[in-house]
There are 2 protein chains.
Amino acid sequence: MSNEGGNAVANDARAQEKASIPDIVIGRLPVYLRTLRLLADDGREVTSSQELGEHLGISSAQIRKDLSHFGEFGKQGTGYNIEFLCRQLQKILNVDRIWPVILVGAGSLGTAIANYQEFDSSGFRIVAVLDEDPQKIGKPIGHGLRIEEFANLGKSVAGSGAQIAVMAVPAHAAQRVANELVEAGLNSILCYAPITLSVPSHVRVEYIDPVVHFQHMTYYLN
Amino acid sequence: MSNEGGNAVANDARAQEKASIPDIVIGRLPVYLRTLRLLADDGREVTSSQELGEHLGISSAQIRKDLSHFGEFGKQGTGYNIEFLCRQLQKILNVDRIWPVILVGAGSLGTAIANYQEFDSSGFRIVAVLDEDPQKIGKPIGHGLRIEEFANLGKSVAGSGAQIAVMAVPAHAAQRVANELVEAGLNSILCYAPITLSVPSHVRVEYIDPVVHFQHMTYYLN
DNA sequence: TAAGTTTAGTGAATTATTTCGCAACCGGCT
DNA sequence: AGCCGGTTGCGAAATAATTCACTAAACTTA
Ligand SMILES: NC(=O)c1ccc[n+]([C@@H]2O[C@H](COP(=O)([O-])OP(=O)(O)OC[C@H]3O[C@@H](n4cnc5c(N)ncnc54)[C@H](O)[C@@H]3O)[C@@H](O)[C@H]2O)c1
Ligand SMILES: NC(=O)c1ccc[n+]([C@@H]2O[C@H](COP(=O)([O-])OP(=O)(O)OC[C@H]3O[C@@H](n4cnc5c(N)ncnc54)[C@H](O)[C@@H]3O)[C@@H](O)[C@H]2O)c1
């Protein structure tokens, strides 16, 4: 159908299907969004499922099918308006707002994360950096933050309304820290420690472990 | 699916089916391995698909089915010998050896990566850290390394036999760097830049982008 | 205007992945 | 030895995900 007008009803209806949209589809949307942003930065105004697919190494049909879960965002014969599709994806992913994030662990990796510009420009604002090392408490980190003691967790969560935490603590401390994060009311954890966490089912955990990627790669090598 | 033919000639026959084992299965093996290692560190000697599955939040059937692609590693009524299964998985994943790795980008993240102990203890040895910033060349980084100029890439690859690179460079430089890595003969790239790279089909790229994870999470939040 | 080209959206077909269910087996116990 | 609880490996069934293939629409060109 059309772009800017006329699909509000379709969207609402589809929004209710939220629970039934495959998680694997959701997982691709951020990648689409990232790619669209790059195209927009390049000054491009429209793109097609085919062009996107070539960029990403996936089929155009998959992109169209994925998007079709949420509404009709393109125009036959033309493709997708990039700005419009970005906005729609942001709305779908709930990234049309600022999300406060708590960072735990101010070591080597934690410092890199705290400095990482891209979080802020994607709407993820690190509002507190917590560590348990007394030597580090009070030291400045990131952009205008200071390392706080981990015991401040409750106050930081309450004060910011954060639901999301990033864990950059050693593996041996990770489960304990996760327990406290859950206790403090957080429901989404991005874990850099090479360990699988045990959390209640209302808490979502995602993992980043470069060794897993390496080992996946070496399977195909000799 | 994968198992054509009978299963009489177990291991050798299965090894040849390598190309046909689903990539998604391969992707889980490192996680199994990581978990088994933790159990081993705990002093445990045997485990079962059920226990592993509970740890990882997946079904025991999936674990058994995944492993069955490669051979028979367990014992009915008992389960799996942890040390034995670790060794088998290491062999399958080709991590029963040392893999030299080239790191490109000695910024905030690159420094954290260079310091990261886990790589070495998993058999991934960073043999060179390259950067293009003249100010950084020659500075020590990681354990006994010095930052080298990016132009040294060819020499580093040749000297180490590295096939794997980690990219921790800004997004705007990433495609250019990737081209050079491919040119230099590398065939596996772990990319931290938030961008999808275009590479020849013989090169495997995996991506780590925390923003993608955050955005995946926020879909489920309000 | 009309013909030709491009592309979205989508039901149907295909392919991939996960789960089920059970025979075979192991080890311990009586 | 024979039984029993526990567990694997795996074919078959059930689900899930992707791709195909086609219709309708929108633009382009003459
Ligand atoms: N450095 C990397 O490149 C890298 C890459 C991937 C994953 N990781 C993982 O990320 C985690 C952090 O790595 P790192 O290199 O920054 O380690 P690090 O030792 O430099 O930093 C860990 C920090 O966590 C703090 N900490 C420890 N226990 C804590 C607790 N209970 N509560 C709060 N803070 C606590 C320590 O004081 C320290 O500041 C590790 O699990 C590591 O495996 C690191
Ligand atoms: N810091 C983080 O936590 C984090 C997390 C995830 C992803 N990333 C991504 O990782 C990358 C690096 O992040 P960072 O925070 O370390 O940035 P940074 O700016 O601190 O470091 C980038 C380094 O790359 C070097 N570089 C630039 N162009 C180069 C080239 N052509 N060849 C060789 N070296 C070159 C720079 O000199 C610099 O040392 C970025 O793409 C970033 O988006 C960072």
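Numbers restart at 1 for each chain; the letters A, B, ... are given by sequence-line order, proteins then strands. Bear in mind that the values here come from a model prediction, so they are computed numbers and not experimental data.
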(request) Would you mind checking if A/Glu51 and A/Arg44 are paired as a salt bridge, meaning a charged N to carboxylate O distance below 4.0 Å? (result) yes
(message) Tell me whether the side-chain N/O atoms of A/Tyr80 come closer than 4.0 Å to OP1 or OP2 in C/dT6.
(response) no
(message) Tell me whether the side-chain N/O atoms of B/Gln76 come closer than 4.0 Å to OP1 or OP2 in C/dA24.
(response) no
(request) Mind calculating the distance between CG (B/Leu85) and P (D/dT7) to the nearest angstrom? (result) 16 Å
(request) Starting at atom CD1 of A/Ile63, determine the distance to atom P of C/dT10, rounded to an integer number of angstrom. (result) 16 Å
(message) Nearest to the B/Arg64 side chain among C/dG27, D/dT8, C/dT19, which nucleotide is it?
(response) D/dT8
(message) The side chain of A/Ala61 is closest to which nucleotide in this list: C/dT7, D/dT19, D/dG9?
(response) D/dT19
(message) Using a 3.5 Å distance criterion without hydrogens, assess whether the side chain of B/Ser60 forms a donor-acceptor pair with backbone atoms of B/Gly53.
(response) no
(message) Between A/Gln62 and A/Thr78, which residue's closest nucleotide on DNA chain D lies nearer the 5′ terminus?
(response) A/Gln62
(message) Would you say B/Arg28 places a side-chain N or O within less than 4.0 Å of OP1 or OP2 belonging to C/dT18?
(response) yes
(message) C/dT7, OP1 or OP2 - any side-chain N/O from A/Ser49 closer than 4.0 Å?
(response) no
(request) To the nearest 0.5 Å, tell me how far A/Asn222 CG sits from B/Arg97 CZ. (result) 7.0 Å
(message) Tell me the interatomic distance from A/Leu56, atom CG, to D/dT18, atom P, rounded to whole angstroms.
(response) 14 Å
(request) For B/Ser60, answer base if it contacts any base atom (sugar-phosphate contacts may also be present), sugar-phosphate if it contacts only those atoms, and nothing otherwise; contact means non-hydrogen atoms under 4.0 Å. (result) nothing
(request) Return the value, rounded to whole Å, for the distance between atom NE2 of A/His69 and atom C1' of C/dT10. (result) 11 Å
(message) Students often get this wrong, so: under 4.0 angstrom with heavy atoms, is A/Ile24 touching a base, only sugar-phosphate, or nothing?
(response) sugar-phosphate
(request) Could you tell me whether the phosphate oxygens of D/dT19, OP1 or OP2, come under 4.0 Å of any side-chain nitrogen or oxygen in A/Ser59? (result) yes
(request) Please state how far atom CD in A/Glu51 lies from atom C1' in C/dT6, giving the value in whole angstrom units. (result) 14 Å
(request) Mind calculating the distance between CD (A/Glu72) and C1' (C/dG11) to the nearest angstrom? (result) 14 Å
(request) Round to a whole Å and report the spacing from CD1 of A/Ile58 to P of D/dC20. (result) 14 Å
(request) Please report the C-alpha distance between B/Lys75 and B/Val46 in whole Å, then the side-chain angles of each, then the deciding distance to 0.1 Å, and finally whether the side chain to side chain contact (heavy atoms under 4.5 Å, CB included) criterion is met. (result) CA-CA 10 Å; B/Lys75 219 183 252 186; B/Val46 297; over 6 Å; no
(message) Counting only side-chain nitrogens and oxygens, does B/Lys75 get under 4.0 Å of the OP1 or OP2 atom of C/dG27?
(response) yes
(request) Take the protein atom CD1 of B/Ile21 and the nucleotide atom C1' of C/dT17, then report the distance between them rounded to whole Å. (result) 15 Å
(request) Give the minimum heavy-atom separation between A/Asn115 and A/Gly142, together with the two atoms involved. (result) OD1-CA, 3.6 Å
